[in-house]
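A quick write-up on the structure given underneath.
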Number of protein chains: 2
Amino acid sequence: LTEQLFAGVDIGGTKISVLITDGGGRAVGRAKKKSKPEKGFRGVMDRAAQTVAEACDAAGVDVGSIKAAGVGAPSPILPNGTAINATNMGWKNVPLAEALRERLKMPVFAENDCNAGTFGEYALGKRQRKGTLIGLFMGTGLGGGLVMNGKLVTGDNSMAAEIGHMTVNVDGRPCGCGKRGCLEAYASKTGMAYAFKEAILLEKRESILPKLMEDAGYDNVRSSLLKRAWDEGDAVVREALAQAARYLGVAAGNLITLLGPETIVFGGGVFDALGKELLPLVKASTKEHAFPPQSLADTSLELAQLGDDAVALGAMAYARSRLLAPS
Amino acid sequence: LTEQLFAGVDIGGTKISVLITDGGGRAVGRAKKKSKPEKGFRGVMDRAAQTVAEACDAAGVDVGSIKAAGVGAPSPILPNGTAINATNMGWKNVPLAEALRERLKMPVFAENDCNAGTFGEYALGKRQRKGTLIGLFMGTGLGGGLVMNGKLVTGDNSMAAEIGHMTVNVDGRPCGCGKRGCLEAYASKTGMAYAFKEAILLEKRESILPKLMEDAGYDNVRSSLLKRAWDEGDAVVREALAQAARYLGVAAGNLITLLGPETIVFGGGVFDALGKELLPLVKASTKEHAFPPQSLADTSLELAQLGDDAVALGAMAYARSRLLAPS
């Protein structure tokens, strides 16, 4: 099986990334293209198929030699590969897997991007995994995924594992989704923007953030800048990140209390940049909020290992698993 | 299979209840005995075996004709039937299934009482179930259980589904477990006692509760008295129950966001007495806290159907499933 080739396709609001890998997940070629959602669903699908072709070129292989493609996209996905609702792509009920299957002439399996990323950590992370694994990815938003018994849990509604929208503070900060006190309202770049604006614009506190950001807005500060501000001891940035870590621990504690998982991995842009700094804070808070209290021994809290490639690699691993065991 | 006989054993801090049923869960005999935890683990096991014998007598059948027994007890239980920690029995790491197997000379399978109750609702409730089912049982404490793909989820630590100790209010009321803001700190008789004492003893508010309770303490008011106080419009009792319902909705919302279940059932003494009154409040709060907001369409929120017999019936159904598909 390791000699067979797979494609992993990561479709996001900004860019499409494609990896060609062998069956073990080792990349042999890659390509990247702007996704241009304004071109509509078909336009994005055409661009995705082109990106796969370019990645095959880079790998020096024929598209026809690819066994299957996996695609991750920012939407709940039905078992048949329909993307229900991708707000930042402008998609509602589009036949994602089918459209790529037609263009690529190969089996295509689609999953939510964070589910794919979580599956990648499960299937391709360094350690051999068997038990329950939960993934939490902190970037612009806070995405999650859940693997139990070797399979993604997508729920009876195909919308499970929306961990970013679990309530962690019942009367707390408003979230973009319309609820209050969601994990994402604290533990995401969007959520931290609320804290930055409150501290800097309303309370007029000192921070190097406005200078670092230059003309970019507070709503999506680059993770590398958060890291610089942390390193320079900026109190506003450190407090917002500590608060994010605290609520990540509340959520992780609840996930342990409910599911008793073997592993929780923390990834996404913010953890890729600040994992070493944040993980100890997350662990301390998790210990405080898991049941039984102070007994974290059974669950391992770890940094994600696949970095930027998590979604593409996870999508590839998902396609491989679907191909091996069609359900 | 329906002609085969099973025993369901519910071991609690106060009493042991045994049902003898046919394979379909119809009771053909029952018996009850005080559990007397002060007699130690062996003493309680002897009494449990006697209760099974008495229930067989009542059914007019021989103990030797019972195919298997299921036992539910208030403790996390390892896959081998060891009860890890039953505080109100005084047990630590006792071989629960094995001790009953020796005494009854039949296959015995043990599970946590709320897990058993949840499995009973899944396997024996009126509707045919296939998807994920979550049980929440509100009595002295708040117990939970989780069935996915036809099996109880007990986690990689055998302690999963402790839904009563999920944090629903991060800076909230202290819980008996040592944490803060657990669901059980609001949605249980122990939790409501905190509200009763606060309102009646500290704030000196009017309530008929002290008169109704007579000499019993606030910590475990009988559910029938809560129902009377509710019916008489007692504001203190109604507010505490409404608060319990609100936090049950926060928890149910989070469970929907995470697992997208087909069904959540609400049972236990308080729901057996006040289900009709509480369920609409729980539903309204769940709708507010589930993701996506206001989209409860996919999950059915229901009252539990097995009442007082939930644990014994669930344990019986669990034994039946283990016997049919040994894992």
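In what follows, every chain begins at residue 1, and chains take the letters A, B, ... in the order their sequences are listed.
For the set Asn254(A), Leu259(A), Asn85(A), the count of heavy-atom pairs under 4.5 angstrom toward chain B peaks at Asn254(A).
Annotation: residues 157-167 of chain A contacts chain B through Asn157(A), Met159(A), Ala160(A), Ala161(A), Glu162(A), Ile163(A), His165(A), Met166(A), Thr167(A) [non-hydrogen atoms, separation under 4.5 Å].
In this structure, the side chains of Cys177(B) and Phe291(A) come closer than 4.5 Å at one or more pairs of heavy atoms. Proximity of Met148(B) to Asn149(A): side-chain heavy atoms (C-beta onward) are nowhere separated by under 4.5 Å.
Here the shortest heavy-atom pairing between Asp156(B) and Thr132(A) reads OD2-N, 2.8 Å. The two residues Glu288(A) and Lys179(B) have their closest heavy-atom pair at O-CD, 3.6 Å.
Asp171(A) and Arg246(B) are joined by a salt bridge, as a carboxylate oxygen and a charged side-chain nitrogen come within less than 4.0 angstrom of each other.
For the atom pair Thr257(B) OG1 and Leu183(A) CG, the distance stands at 11.0 Å (nearest 0.5 Å).
Only the side chain of Leu146(B) comes within contact range of chain A, judged by heavy atoms closer than 4.5 Å. Looking at Leu255(A), the atoms closer than 4.5 Å to chain B (heavy atoms on both sides) all sit in the side chain, from C-beta outward. In this structure, the portions of Val170(A) lying under 4.5 Å from any heavy atom of chain B include both its backbone and its side chain.
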